[in-house]
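One structure is given below, encoded as structure tokens.
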Amino acid sequence: VERFDDTLHALDLLEKRFPDDPRLDLNRGQVYAIQSQFEQAQESFRKSIAKHPENARAHFELGKLFYQSNDLPAAKKALLEAVRLEKNNPQYLQKLGAVCLALQEIDEAVPYLERAAALDPNSPQINYSLGQAWQRKGERRKAAELIKKFQELKRREEQAEELERTLARGERMLDEGKDREGRAAFEQIVQADPNNWTAHGYLAEMFLADEDWRNAWPHLAKMEEMDAESVVGNYLMARHWYLRKEFERARGYAERVKQSRPAHAELRNLLGQIYLGLGQLEKAGREFEEAMRLAPE
């Protein structure tokens with residue numbers, strides 16, 4: 001959440017307790033790198049490596065830093081070490097290939113990039129770098145195929161990012177009490193991405209809050225199809241069947257949630273209501289007592 005001062009303060013506190021932990025220097029270097037404090041970042045990554053020379057991530061971050069500073073030989077050296085330590089990391093292989101391309105070492109770049117593409121065929125950046133490598137080798141057909149794939153993957157990535165922004169806007173609208181605008185945002189998401197579980201969940205919950213179980217049902221059915229074990233999904237299903245007065249079905253979903261969330265006060269209250277509907281007064285009483293104990297306010 002870009003609270004960098006708080007991050008550094010937390011790392012300072014942790015270092016007093018664990019002065020030899022290389023992860024703290026690694027994280028501190030990452031913070032400095034994001035803030036473009038490159039000297040401090042480099043010093044932190046070197047400290048991390050000194051404490052744990054087999055720390056592949058620290059070598060990779062140091063390599064990225066050298067690449068940004070246009071110190072290509074140093075970047076290649078650091079990235080070679082990262083790849084040696086984690087030979088099947090596509091992110092490390094891609095960055096090493098990109099550095100080789102920048103050094104005009106095309107024949108060396110291609111094998112790294114091909115390995116990266118085999119490990120992560122749907123990475124836009126890997127496909128772009130490999131396309132650039134084949135372009136420089138004069139393999140125009142291969143290059144064109146990869147650049148086309150890169151453009152398609154990038155388009156999908158941008159669409160996913162747009163959906164995330166729309167979801168965040170919907171959540172913000174709910175926080176501000178603007179339910180209509182929030183609902184419109186979630187409906188926009190499920191139209192664009194019918195498999196967006198989170199948006200279906202928000203819509204189902206909003207309809208259930210209005211006791212509109214008919215409109216909640218399509219969203220609940222889709223949620224169950226995608227993740228039948230979800231605690232949230234099962235809880236909403238219990239509420240749905242309770243509203244429909246199909247108490248036995250509601251009980252099954254609610255008891256399933258109770259197994260993993262026994263301290264869920266609203267669930268225990270719902271279970272009490274369900275047992276009342278079933279005419280099982282003793283069980284209803286126990287659930288209401290537990291709900292009151294969990295949430296006396």
Side-chain angles (χ1 to χ4, degrees), residues 2 4 7-8 10-12 14-15 18-139 142-143 146-147 149-150 153-154 157:
E2 298 184 357
F4 301 126
T7 305
L8 291 171
L11 290 168
D12 289 341
L14 282 165
E15 193 169 39
F18 310 105
D20 297 323
D21 191 335
R23 294 173 300 178
L24 305 181
D25 297 298
L26 170 63
N27 293 151
R28 188 179 285 110
Q30 289 170 321
V31 172
Y32 287 139
I34 290 171
Q35 296 180 305
S36 299
Q37 299 179 36
F38 298 130
E39 288 185 10
Q40 295 97 317
Q42 187 179 138
E43 181 183 355
S44 295
F45 293 140
R46 290 190 184 282
K47 283 183 178 179
S48 181
I49 292 168
K51 292 176 182 177
H52 180 41
E54 303 293 294
N55 188 342
R57 186 77 198 187
H59 289 286
F60 172 69
E61 294 290 348
L62 189 59
K64 283 202 307 180
L65 207 62
F66 286 134
Y67 183 59
Q68 287 178 276
S69 304
N70 206 34
D71 188 348
L72 299 179
K76 182 180 178 182
K77 181 180 179 182
L79 290 166
L80 279 169
E81 185 62 12
V83 168
R84 184 187 71 81
L85 293 166
E86 288 189 25
K87 61 182 179 180
N88 291 325
N89 188 309
Q91 187 182 21
Y92 298 177
L93 287 162
Q94 184 276 326
K95 186 60 71 176
L96 177 56
V99 169
C100 290
L101 285 179
L103 287 166
Q104 304 299 320
E105 298 170 350
I106 314 302
D107 289 335
E108 189 174 352
V110 169
Y112 293 130
L113 295 170
E114 286 190 319
R115 283 168 56 192
L119 291 162
D120 187 2
N122 292 320
S123 163
Q125 191 57 53
I126 291 171
N127 280 279
Y128 178 79
S129 296
L130 187 54
Q132 291 291 304
W134 286 122
Q135 182 72 33
R136 295 189 194 183
K137 283 180 70 68
E139 296 279 357
K142 287 183 178 181
L146 287 161
I147 295 302
K149 186 176 180 182
F150 157 74
L153 291 168
K154 195 67 178 173
E157 191 177 78

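Quick note: numbers below take in every heavy atom, side chains included, and nothing from hydrogens, waters or symmetry partners.
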Can you tell me how far apart [atom1] ([X]) and [atom2] ([Y]) are? Round to the nearest 0.5 Å.
| X | Y | atom1 | atom2 | answer |
| --- | --- | --- | --- | --- |
| Leu62 | Arg57 | CG | CZ | 12.5 Å |
| Leu79 | Cys100 | CG | SG | 9.0 Å |
| Asp120 | Gln94 | CG | CD | 10.0 Å |
| Phe45 | Asp25 | CZ | CG | 10.0 Å |
| Glu139 | Leu130 | CD | CG | 11.0 Å |
| Gln91 | Glu86 | CD | CD | 10.0 Å |

Is there a donor-acceptor contact under 3.5 Å from the side chain of [X] to the main chain of [Y]?
| X | Y | answer |
| --- | --- | --- |
| Asn127 | Ser123 | yes |
| His59 | Pro53 | yes |
| Arg115 | Lys87 | yes |
| Lys149 | Pro121 | yes |
| Lys95 | Glu61 | no |

Has [X] got more than 12 heavy atoms of other residues, nucleotides or ligands less than 6.0 Å from its [atom1]?
| X | atom1 | answer |
| --- | --- | --- |
| Lys47 | NZ | no |
| Lys142 | NZ | yes |
| Glu2 | CD | no |

**Item:** Test ring-ring contact (aromatic ring centres under 6.0 Å, His included) applied to Tyr67 - qualifying residues, sequence neighbours left out
**Value:** none
**Asked** Sequence neighbours excluded, which residues qualify as ring-ring contact (aromatic ring centres under 6.0 Å, His included) partners of Phe150?
**Response** Tyr128
Grab the two heavy atoms, one from [X] and one from [Y], that are nearest each other, plus how far apart they are.
| X | Y | value |
| --- | --- | --- |
| Ala58 | Ser48 | CB-OG, 3.8 Å |
| Ala56 | Ala82 | O-CB, 3.7 Å |
| Pro22 | Asn55 | CB-ND2, 4.1 Å |
| Ala109 | Gly97 | CB-O, 3.5 Å |
| Pro124 | Leu153 | CG-CB, 3.9 Å |
| Ile147 | Gly131 | CD1-CA, 4.3 Å |

I want to check something: taking the side chain as every heavy atom from C-beta on, are [X] and [Y] in contact at a cut-off of under 4.5 Å?
| X | Y | result |
| --- | --- | --- |
| Trp134 | Glu114 | yes |
| Leu146 | Gln132 | no |
| Leu80 | Tyr112 | yes |
| Lys51 | Arg23 | no |
| Lys76 | Phe66 | no |
| Glu81 | Arg84 | yes |
| Leu93 | Leu113 | no |

**Message:** Could you check whether Arg28 pairs with Asp12 (Lys NZ or Arg NE/NH1/NH2 to Asp/Glu carboxylate O, under 4.0 Å)?
**Reply:** yes
**Request:** Identify, with sequence neighbours excluded, every residue that meets side chain to side chain donor-acceptor pair (under 3.5 Å) alongside Lys137.
**Result:** Asp107
